[in-house]
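Contents: one structure, followed by commentary.
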Amino acid sequence: MHDIIDTAVAAGSFKTLASAVTAAGLIDTLKGTGPFTVFAPTNASFEAFLDGAALSDIPVDYLTQLLLNHTLTGVALSTDLTTGYTNTLATFNNEPDALLSLFVNTSAGVLLNAQSSVSSADNLAANGVVHIVDAVIALPSVVTFAQADPDFETLLSALDRDDQPDYLAVLGLPNGVEPAPFTIFAPDNNAFADFLTEFGLSSLDQVDGLTLSQTLNTHAVPTVNIRAEALVDGTLITFGDPIIIDAANATVTDQNGRVCQITQTNLQAANGVVHKINKVLFIQ
């Protein structure tokens, strides 16, 4: 049985992937014992991603992380994949303990970060499995998870409301371009539903634009990537009002004394990290 690289090449239409793996110096890694799960983009997928540029135009460090963002440790057959987050082998800022997250949605086939679908699954290899995908999986920003995770549907609607600043553009800035990176405390859909009930509102549309902006600002800490293990007791300065962290109890308190629980941590993007919370940090 062939290894992962030879299996992908044998499947056809993977000349660009093979060239990319070679350019990134990952041949020995992906021909190693593994095992690995690789989501393999076709030549056409790379052509669309490159959009007229040449593969050689991509810096090697970026290309390496891009390819590792298509690679999981272990064998994950299509029947093993479930809706939720997993970690790829790509890293934030080359920090080995900060593996990038990948949101897998299996509600209708297999959709990766809301941008790439598995078109041919379970191509077995000697050192893992290859799933052929129809688009390159770009390195995620914190916005990617808001767009991919159905639990953030209301948050995404708020961020993209017509009367709001261009949050999606700002929060999509690459790492190192200020104010990136970001640490985001992201309320899920239930948090927004509870918020509406708490304040006797029937719709988020009833919150005026300025108040919504101030509220959303308070969920984003600029210029730092603070993973859960690095959270400490004290105050964090956000784009809006300061928030208070209780690291031991995994809570965040706003300036109104409202306490929310961190329910999921370390959703790691290439330009920051997202922690899911169960309450909206509201600014009145």
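The structure presented is a predicted model; accordingly, all values stated were derived computationally and were not measured.
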Any chance you could measure H70, atom NE2, to L26, atom CG, to the nearest 0.5 Å?
12.0 Å

For residues 265-281, which residue pairs pass the salt bridge (charged side-chain N to carboxylate O under 4.0 Å, His left out) check, not counting sequence neighbours?
D149-K276, D151-K276

Report the distance from atom CD of Q115 to atom CG of D134, rounding to the nearest 0.5 Å.
10.5 Å

Hey, would you say the H275 and F185 ring centroids sit under 6.0 Å apart?
yes

Is a donor from one side chain sitting under 3.5 angstrom from an acceptor on the other, for T106 and T83?
yes

Working to the nearest 0.5 Å, report the span between OG of S157 and CD of Q164.
12.0 Å

Give the cluster check for L63 versus L68: same hydrophobic cluster or not, with ILVMFWY residues linked at side-chain heavy-atom distances below 4.5 Å.
yes

Does one side chain, of N266 or E229, offer a donor that lies under 3.5 Å from an acceptor on the other?
yes

Would you mind listing every salt bridge (charged side-chain N to carboxylate O under 4.0 Å, His left out) that reaches into residues 63-86, with sequence neighbours excluded?
none

No-hydrogen, no-angle side-chain donor-acceptor test under 3.5 Å, N105 and S107
yes

Do I226 and L171 land in one hydrophobic cluster if side-chain heavy atoms of ILVMFWY residues count as linked below 4.5 Å?
no

Interatomic spacing from CD1 in I243 to OG1 in T253 - rounded to 0.5 Å
9.0 Å

Verify, without hydrogens or angle tests, whether S19 (side chain) and K15 (backbone) share a donor-acceptor contact under 3.5 angstrom.
yes

Nearest-0.5 Å distance, CG of residue L100 to CG of residue N87:
8.5 Å

Is a side-chain donor or acceptor of D246 paired with a backbone partner of A250 at a separation under 3.5 angstrom?
no

Quick one: do L102 and L17 end up in the same hydrophobic cluster if we chain Ile, Leu, Val, Met, Phe, Trp and Tyr together by side-chain heavy atoms under 4.5 Å apart?
no

Taking S203's backbone N and O only, do any of them form a donor-acceptor pair with Q206's side chain (distance below 3.5 Å, no angle check)?
yes

Exercise answer: donor-acceptor pairs, residues 139-147 side-chain atoms, under 3.5 Å, sequence neighbours excluded:
residue, atom, partner, partner atom, Å
S141, OG, V143, N, 3.2
S141, OG, T144, N, 3.4
T144, OG1, S141, N, 3.0
T144, OG1, S141, O, 3.3

Considering all heavy atoms of both residues, which atom of P179 and which atom of L173 are nearest to each other, and what is their separation?
CD-CD1, 3.7 Å

Just by distance, do the side chain of N278 and the backbone of C260 share a donor-acceptor pair under 3.5 Å?
no

For the student: nearest non-hydrogen atoms of A269 and F92, plus distance:
O-CD1, 3.7 Å

Do any pairs count as a side chain to side chain donor-acceptor pair (under 3.5 Å) and have a residue in residues 176-193, sequence neighbours left out, and if so which ones?
T154-N189

Is T238 reaching over with its side chain to a backbone N or O of D241, donor-acceptor style, under 3.5 angstrom?
yes

Residues D160, Y167; criterion side chain to side chain contact (heavy atoms under 4.5 Å, CB included); working and verdict:
CA-CA 7 Å; D160 201 29; Y167 283 117; over 6 Å; no

Q264 side chain to I277 main-chain N or O, any donor-acceptor pair under 3.5 Å?
no

Taking the ring of F39 and the ring of H131, is the distance between their centroids below 6.0 Å?
yes

Contacts satisfying side chain to side chain donor-acceptor pair (under 3.5 Å) that involve residues 34-50 (not counting sequence neighbours) are T16-N43, T42-S45

Among residues at least two apart in sequence or on other chains, which ones pass side-chain contact (heavy atoms from CB on, under 4.5 Å) with D97?
none

Nearest-0.5 Å distance that lies between atom CG in D233 and atom CD1 in I245:
9.0 Å

